[in-house]
Structure formats: C-alpha cells, structure tokens
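A short worksheet on the structure shown next.
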Amino acid sequence: MEKLLDLLPQLGEAAWETLYIVAASLVFGGIAGLLIGLGLYVTRPGSILENRVAFTVINVLVNIFRPIPFIIFIAAIQPLARLVLGTGIGNGALIFAISIGAAFGISRIVEQNLLTVSPGVIEAARAAGAGPLYIVRTVLLPEALGPLILGYTFVLVVLVDMTAVGGYIGGGGIGNFAIQYGYRQFNPIVTWAAVLVVIVFVQLIQFFGNALARKIMRR
Amino acid sequence: MTDVVKSYPPSQKGGDPVVAIDGVSIEVEHGDVYGIIGYSGAGKSTLVRLVNGLEKATSGSIVVNGTEITSLKERSMRTVRGDIGMIFQQFNLFNSKTVAKNVAYPLEVAGRPAAEITARVTEMLAFVGLSDKAKNYPDQLSGGQKQRVGIARALATSPSLLLADEATSALDPETTSEVLSLLDRVNRELGVTIILITHEMDVIRSLATKVAVMDGGRIVERGDVFDVFSRPQNPASARFVSTVVQGVPSPVEVQTLRTRHDGRIVTFSFRDGNNSQAQVFLDLAATGIRFELVYGGINDIRGRAFGHLTLALQGEYAAIDAALARIGSYSEVTEVH
Ligand SMILES: Nc1ncnc2c1ncn2[C@@H]1O[C@H](COP(=O)(O)OP(=O)(O)O)[C@@H](O)[C@H]1O
Ligand SMILES: [Mg+2]
C-alpha cells in the first residue's frame, strides 16, 4: 500500500499517457476507419457509387488485416513506423500502430452502422437530384449519427485495451504501469490500482457516449 | 414511354434475367392523374423509377417534358429529377432533420438562395396544413402527417410531375382519404401531373382520370377510369374492378340468391349518358311484374354513374319475356341462369 502511494506520480503520468494515446489513435484511426467504412458502403452492389472491383479490393484488405492479433500486428508494422516516423518505439510508434490496426475494425463498425440507414431515405435524396457525395454528407452521415456514436464509444473502449501492450515497444500508459510496477514487482495492489483506473476510464467513456447518442437520437 | 424494357441480371448465375418491364408504351399528358394498378411484382415501382432515372431502361425510349432521358448521363439526369417530385409508401423522410429541413432539402440540392428556401418552405407547409410542425422531427408525426411532409418536400421545387409509389398503402382508410384529397388539390390547384401507383382500386377510383392495369411487366388494359371501371376487358382488370364494384353476381352468388328469392334473376347494366334506369322500372311496373332488387349497385366515378342492378322478377313467363325484349332494345339485359 505504501508502495502504491510512492508510485502515485507514475500512475498519474501513465493515466495521462493512456488518455492521449487513445485520443490520438481515435482521431487518426477513427478518420481512417470512417473513410474505409464509407468506401465499403458506397461501392457495395446497389449503393450510390456501386463499383464491384473497388468493393472487392477494400473488402479483402479489411478481411486480411482485421483479424491479426494486435500484439503481432504492432511488431509487423514496426518497419513501416520506422519509415514514416523515423522510430519504431515509443508512444508515437504505438499511436501509429493502434491507428492503423484499429482502422480496419472501425471500418466494419462504420459500414454496419451506415447499413442501418433505410435505403428508402437514400432513394428520396437521389430522387431530389442529390449526387453521391452530397448524399453522404447531408443524409447518410446525419441519419447514421446516433448508431455511429455508439459504435465509436465501443471503439474507444477497444482502443484503451490496445494501449495496454504499449510497453512492448517502449510506449507508456496504464498497461505498461501495471506490468512494470505491479506484475514484475509482485505487487497485486499496484496492479489493481491500474485496473481501477481502466475501469473508471471505460465507465466514463460509456456514460458520455451513451448520453451523446441518446441526445442525437432524441430518445 | 415507347417500347420500354427493363430487365435485371439473373438472381443466380446461369439463371434467366428478371424482366420487370416487358415492352411498355404509355403516354401521360400534362394535367393527368394517371393511375397504374397491378398486383405486387407486376412492375409498377420499376416503371415509375424509370421515369426519374432511378433505374436505367434496358431498351426503349423515355421522354420527360421533351427530354429523352435514356441517353442522359447521371449528372444531367439529376437536373431532370429536380423537375420531378416523388413520394413513397414508407414516406422516406430524413429522421435527422426537422420537418422544415426535410422540405428545404430539394431546394438546397438545387442551390437556391437561403431567403427563397425559407419562403418556399413556409408556403409549402401552409399548403399541406403543417405550418405548426415546422420545428418537429418526423418521428413526432402521425403517418398521415408524415406523408403530407413527403408531399411538401416533393413539391418544394415546383415540379411539373409528381410520382406517387403506393403513397397511401401504409395509411389507415381515414388518413388515406385525407392524403388523396390533398393530392387532388395538388393536381387541380397547382396543375401538377401525377403518376399514381397503387394496388388498391379505391385509390384509382377516387383520384385518377386515366388508368393502366399492369400484369407481368406489361400493360394489359388502359383507358379512362370510367371506361375501365364500367367495362373492364381484361381478366386482371375485371378482378380489380370487382374489389370496389358489385357487378354481375358470380355463379356461387347466384346459387345463394336463388335460395332466398323466387323468380327469374336478371341483371340490368347501366352506363351514364342515358337515364334508362327510370325507364326500366317504368316498363317493369307497366307490365305488372313483381320485382325485387337483390344484388348490385350504382357507382359514381368523377361525376359519371354506372352500375349493375340484379333483380328477381316474378310474374307470367311470357309477360316477363316481352318486358325484357322491350327493355333490351335500349338497355343491357343479362338473364342469369
Ligand atoms: N433491383 C432489382 N433486382 C432484381 N429484380 C428486381 C429488382 N427490382 C425489382 N425486381 C423484380 O422486378 C419485378 C417487378 O418489381 P416491382 O417493380 O417492385 O413490382 P411492384 O412495384 O409492382 O410490386 C419483380 O419480379 C421484382 O422481383
Ligand atoms: Mg412496388
């Protein structure tokens, strides 16, 4: 217990690192996932920019990359991180890996949520003379906003989970803290303090995500 | 439309293509309320979606307001769509937008100035009687109100043509007549041509001026609503007509009639333009035949009357024959055996 009190500054630092790694990954991975998901939606057969080849290519890419376990993906993507960022280790490389790794999973969630929009509503926009990109911006995304927010809430929780292996490539965060000071030093109290912080994070994310989605969907 | 064919690729590899529209020619004139009736799968929705280019014709020619649209690129097609409104069975309102924003949408697509949009939205909401709902969201409205918003949205850009695909099929009877009378005003007051898709003959009867009956991707009968209702030529048309008009009793119904009424059962058919009905009754009464109305009725289609009255006649056989012969000279008489 005393040990934990001594480690409080490190715990605060780790919590802060997790927050900003998650936030940065959400921005990069979230936008990339949104774009890939939109690509899947608009090119699928019968959709507004139907394109068999493009759909198949995107679909196959997503299917290949999505199931790779993250702990392997993070190592596999390291050479690319070195190329782009100049380094394969640290929080920057971690954000890079999470953003790319999560983008494929996010794209499926985006695609599924976009598919909840009734085709009739898209048809009404087409009948009014709107073009595909205009429809995406003015109808598709606004109509799917509620479910999308719930989807991204779920994504945020997954991102917190992904940060936990940050220590593996020299990144920080709560996961690294739990392993370095809790697990390796045989101090379960410290580990459980980290667990508690994660639980609080996840609950807060869920709470605000649900509240926002409720407000958007007006129910 | 001239010789229009629309086929969809086969649903499984190696199968036959689905021919949804099988060589249809049809002319809709300005000011018409042209009803298109048919059973589910007859090709009605496909037909109407060809008109605003939501589907591309496989072959044939489609001319809208003087423009041949089958050769148009998608981009130019969008401009044509601006002059065609469309309403749907499921209303298809944007749930994320207020009523006013829904109505504004086609105007925004057309790039109209904001001030004009606001004025037009106010005008359209007043026209459909929903001025007080401007700030509401669609899920706060009843079905009838939703369709009225749909109509306001479809007419926002002042199109000359309105496509209505089963516009009342999701509504209860009372709301249906409310929406139908609104569509009637759209046609009469705004001069909008309406193509009215439905599977309900009652909708055709209350609104349409012309009707085409579709079956298996073809038009099997067409004409003035009055003519098709009073003398359907095609079996499919006759079945639709019989859903709203009690015509000649079927053999089964005749059996039932015989168990309850004595005498000879005779159907007299009337179409407007002559007041033969009064004469028929005068002639029957003059010969002293007892008669009883057992089946049928008189229908009114946009101010013109027609119908079939089936009577049970009792009296001397020869006297009835003489009366029927006399009446047969000026009216349609069918004895049911
Ligand atoms: N997108 C499509 N792909 C394949 N077949 C279709 C498609 N749309 C309609 N069809 C087929 O075309 C026929 C006519 O359909 P539709 O025009 O919707 O009929 P209706 O509106 O009269 O019920 C049906 O057999 C239907 O299965
Ligand atoms: Mg249909």
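What you see is a predicted model; the values in this text were computed from it and never measured. Each chain gets a letter, A, B and so on, in the order its sequence line appears, and its residues count up from 1.
Between chain A and the residues B:V80, B:D83, B:N92, the largest count of heavy-atom pairs under 4.5 Å involves B:N92. Among B:R49, B:Q89, B:E74, the residue making the largest number of heavy-atom pairs under 4.5 Å with chain A is B:R49.
Within 6.0 Å of the CZ atom in B:F127, the count of heavy atoms belonging to other residues, nucleotides or ligands exceeds 12. Within 6.0 Å of CZ in A:F208 there are 12 or fewer heavy atoms belonging to other residues, nucleotides or ligands. Within 6.0 Å of CZ in A:F207 there are 12 or fewer heavy atoms belonging to other residues, nucleotides or ligands. Remark: B:K97 NZ is packed, more than 12 non-hydrogen atoms of other residues, nucleotides or ligands lying under 6.0 Å away. For CD1 of A:I89, the number of neighbouring non-hydrogen atoms (other residues, nucleotides, ligands) closer than 6.0 Å is 12 at most.
The two residues A:V121 and B:L93 make their nearest non-hydrogen contact at CG2-O, 3.6 Å.
For a residue to count as touching a neighbouring chain, one of its non-hydrogen atoms must lie under 4.5 Å from one of that chain's; by this rule B:L163 does not touch chain A. Residue B:R75: no heavy atom, backbone or side chain, is found under 4.5 Å from chain A. For chain A, no part of B:L107 is nearby; none of its heavy atoms comes within less than 4.5 Å. Interface remark: B:F94 contributes backbone and side-chain atoms alike to the contact with chain A (heavy atom separation under 4.5 Å).
Residues of residues 130-146 of chain A lying within less than 4.5 angstrom of chain B, judged on heavy atoms, are A:A130, A:G131, A:P132, A:Y134, A:I135, A:T138, A:V139, A:P142, A:E143 in numerical order.
Here the side chain of B:N52 pairs no donor or acceptor atom with the backbone of A:A127 at under 3.5 angstrom.
If you take CE on A:M217 and CG on B:N95, they are separated by 12.0 Å, rounding to the nearest 0.5 Å.
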